[in-house]
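We use all heavy atoms of the structure for the numbers below, so side chains are in, but hydrogens, waters and symmetry mates are not. Each chain gets a letter, A, B and so on, in the order its sequence line appears, and its residues count up from 1.
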There are 2 protein chains.
Amino acid sequence: MKDITSQQNKVLNCIQVYIKKTGFPPTRADICRELGFKSPNSAETHLRALEKKGFIAIESGTSRGISIINPEIEHDGNDYPIIGLVAAGSPTLAAENVEKVFNCPQGFFGSNFDYFLRVRGLSMKDAGIMEDDLIAVKKTQDIKNGDIVIARIDDEVTVKYFHRHSPKIVHLQPANEEFSNIEIDLEHTELFIEGKSVGLIREN
Amino acid sequence: MKDITSQQNKVLNCIQVYIKKTGFPPTRADICRELGFKSPNSAETHLRALEKKGFIAIESGTSRGISIINPEIEHDGNDYPIIGLVAAGSPTLAAENVEKVFNCPQGFFGSNFDYFLRVRGLSMKDAGIMEDDLIAVKKTQDIKNGDIVIARIDDEVTVKYFHRHSPKIVHLQPANEEFSNIEIDLEHTELFIEGKSVGLIREN
DNA sequence: CATTATACTGTATATATATTCAGTATTAAT
DNA sequence: ATTAATACTGAATATATATACAGTATAATG
């Protein structure tokens with residue numbers, strides 16, 4: 001991150017305060033009013049400098065299209081997206097997959113997490129994971145045997161217990177007698193671990 | 001807070017997701033694009049309804065002037081006590097029974113609730129309620145058949161399904177084959193309903 | 001010394017955006 | 001039976017806003 005001048009810093013602070021106060025970013029004219037500039041171009045040039053230095057992003061042709069780039073806080077907020085667990089396809093954070101956002105204190109489940117996954121089916125019933133429950137998913141590859149993982153096999157997403165039997169063989173175990181074990185030979189089948197469950201929420 | 005319709009809820013979620021994604025609120029046209037409306041007035045009317053009901057604030061004459069109102073900030077009830085489910089004794093809100101307090105937005109589970117109850121035992125296992133889970137309890141006497149209730153029988157507190165068989169007979173059903181039904185004759189035994197479960201949280 | 005970045009004022013304008021008006025249709029409440 | 005609320009389409013418009021262009025001035029850089 002490059003240097004910031006004192007005037008640019010004033011503008012950056014002004015944007016942050018404005019968003020905190022109103023809930024949306026300022027216009028060029030708003031910035032002028034707050035900082036006493038008499039020309040909207042004063043704000044414009046400062047914004048372009050801040051953009052060039054990577055402090056903010058400006059959406060072209062968009063009113064109030066300023067967003068603050070905060071690299072140190074990835075999951076700053078309290079709003080976590082709820083992703084639907086579709087039978088096929090990966091549960092990415094793309095907008096079309098986001099059911100809604102759920103307000104929840106950070107570190108709610110001890111460790112941090114990235115999103116909620118809406119559970120479909122009863123394959124983890126005996127682990128107390130029921131249909132429509134929300135699993136708090138932490139995106140990580142740090143998996144231990146017995147962890148409940150969110151795994152993707154050929155675009156099929158599933159929630160199961162993880163058990164590594166040998167370097168090449170992984171078992172994905174359901175917690176329901178009616179479902180059978182999935183045995184995966186990593187040499188022949190690609191297995192991607194989206195993350196693991198660190199908590200659960202049920203809304204009645 | 002008044003009721004919200006499903007379409008209005010979609011719009012509200014859309015706004016939250018849009019802000020999360022872009023850093024600034026959507027325009028009427030943005031909402032139309034996200035939700036498939038063909039007229040900006042569709043978004044406008046939904047926004048006005050949400051404003052009227054107190055979910056959002058709209059700054060007049062201001063582009064993207066939408067801000068989401070968070071009622072849990074005004075009502076300071078963010079800290080909910082966790083009560084241990086002791087074999088004997090009532091789970092009152094008395095200080096000695098409070099394990100710790102848990103920070104959680106109000107209205108987290110749709111309806112409001114009063115405290116968390118730490119579950120002991122596996123009598124509700126098949127309902128997905130496991131040992132050490134936290135049940136969100138709403139203190140109410142408004143119980144329907146099939147609700148999961150927190151009941152007290154002679155200082156014994158238990159979590160079970162509620163089924164009224166006749167004006168005088170109530171069945172408290174576990175969700176575990178290894179436990180048996182509790183049949184209560186209200187003429188001979190006193191039954192007090194502490195409240196019902198409106199949600200569940202599991203910390204892994 | 002020419003160049004570049006900073007730091008402004010001031011004017012102008014295409015367009016992004018809120019917002020009103022005119023309709024249609026369905027459902028719930030009084 | 002009538003009102004009110006919901007849920008839209010479609011068009012029109014005043015204005016809010018981004019953004020380019022024309023200047024002036026200072027300080028730092030190579």
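Using a 4.0 Å cutoff on non-hydrogen atoms, no part of residues 21-36 of chain A comes near DNA chain C. Applying a 4.0 Å cut-off to non-hydrogen atoms, the residues of residues 42-51 of chain B that approach DNA chain C are E44(B), R48(B), listed by residue number.
With rounding to the nearest 0.5 angstrom, the CD atom of E203(A) is 10.0 Å from the CD1 atom of I201(B). Here the CG-CZ distance, from L172(B) to R164(B), works out to 10.5 Å after rounding to the nearest 0.5 Å.
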- request: Please assess Y161(A) against I148(A) for the test side chain to side chain contact (heavy atoms under 4.5 Å, CB included), listing each intermediate value before the final yes or no.
  value: CA-CA 4 Å; Y161(A) 281 123; I148(A) 293 172; 3.5 Å; yes
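One finds no side-chain N or O of T62(A) lying less than 4.0 angstrom from the OP1 or OP2 phosphate oxygen of dA18(D). For the OP1/OP2 pair of dT6(D) and a distance below 4.0 Å, the side-chain nitrogens and oxygens of K53(B) include at least one atom meeting the criterion. Between Q8(B) and dA7(D) there is a side-chain N or O to OP1 or OP2 distance below 4.0 Å.
Along DNA chain C, the stretch of nucleotides lying under 4.0 Å from any heavy atom of chain B spans, 5' to 3', dT17(C) to dA22(C).
Overall, the helix from dC1(C)-dG30(D) to dT30(C)-dA1(D) carries an axis bend of 30° between its ends, with five pairs at each end and the value rounded to 10°.
Comment: R120(A) engages E131(A) in a salt bridge, judged by a side-chain N to carboxylate O separation of less than 4.0 angstrom. Salt-bridge formation is not detected for the pair R118(A)/D133(A): no Lys NZ or Arg NE/NH1/NH2 atom is positioned less than 4.0 Å from an Asp or Glu carboxylate oxygen.
Using a distance-only test at 3.5 Å, with no hydrogens or angles considered, a donor-acceptor pair links the side chain of T62(B) to the main chain of S60(B). Under the 3.5 Å distance criterion, the side-chain polar atoms of T45(B) are matched with a main-chain donor or acceptor of S42(B).
Residues A43(B) and C32(B) approach most closely at CB-SG, 4.2 Å, considering heavy atoms. Heavy atoms only, all atoms of each residue included: V149(A) and F162(A) are closest at CG1-CB, 3.6 Å.
Put simply, the side chain of P174(A) reaches to within 4.5 Å of the side chain of N181(A), judged on heavy atoms. Between I129(A) and R202(B), the closest side-chain pair of non-hydrogen atoms falls below 4.5 Å.
Counting only residues at least two apart or on different chains, the salt bridge (charged side-chain N to carboxylate O under 4.0 Å, His left out) pairs with a member in residues 141-151 of chain B are D147(B)-K196(B).
Sequence order on DNA chain D of the closest nucleotides to T5(B) and S39(B) puts T5(B) first from the 5' end. Nearest-nucleotide positions on DNA chain D place P40(B) closer to the 5' end than the other of P40(B) and G61(B).
Checked against side-chain hydrogen bond (donor to acceptor under 3.5 Å, both in side chains), E44(B) has the following partners two or more places apart in sequence or in another chain: R28(B), R48(B). Residues satisfying the side-chain contact (heavy atoms from CB on, under 4.5 Å) test with Q141(A), not counting sequence neighbours, are F192(A), I193(A). Here K160(B) pairs with S123(B), T158(B) under the side-chain hydrogen bond (donor to acceptor under 3.5 Å, both in side chains) rule; sequence neighbours left out. Residues satisfying the ring-ring contact (aromatic ring centres under 6.0 Å, His included) test with F37(A), not counting sequence neighbours, are H46(A). Shown here are the side-chain hydrogen bond (donor to acceptor under 3.5 Å, both in side chains) partners of T27(B), two or more places apart in sequence or in another chain: D30(B).
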So which protein nitrogen or oxygen atoms get under 3.5 Å of nucleotides 22-26 of chain D's nitrogens or oxygens?
unit_1, atom_1, unit_2, atom_2, d
dA22(D), N6, N41(A), ND2, 3.4

Could you list, one pair per line, each protein nitrogen or oxygen that sits under 3.5 Å from a nitrogen or oxygen of nucleotides 28-30 of chain D, together with the distance?
none

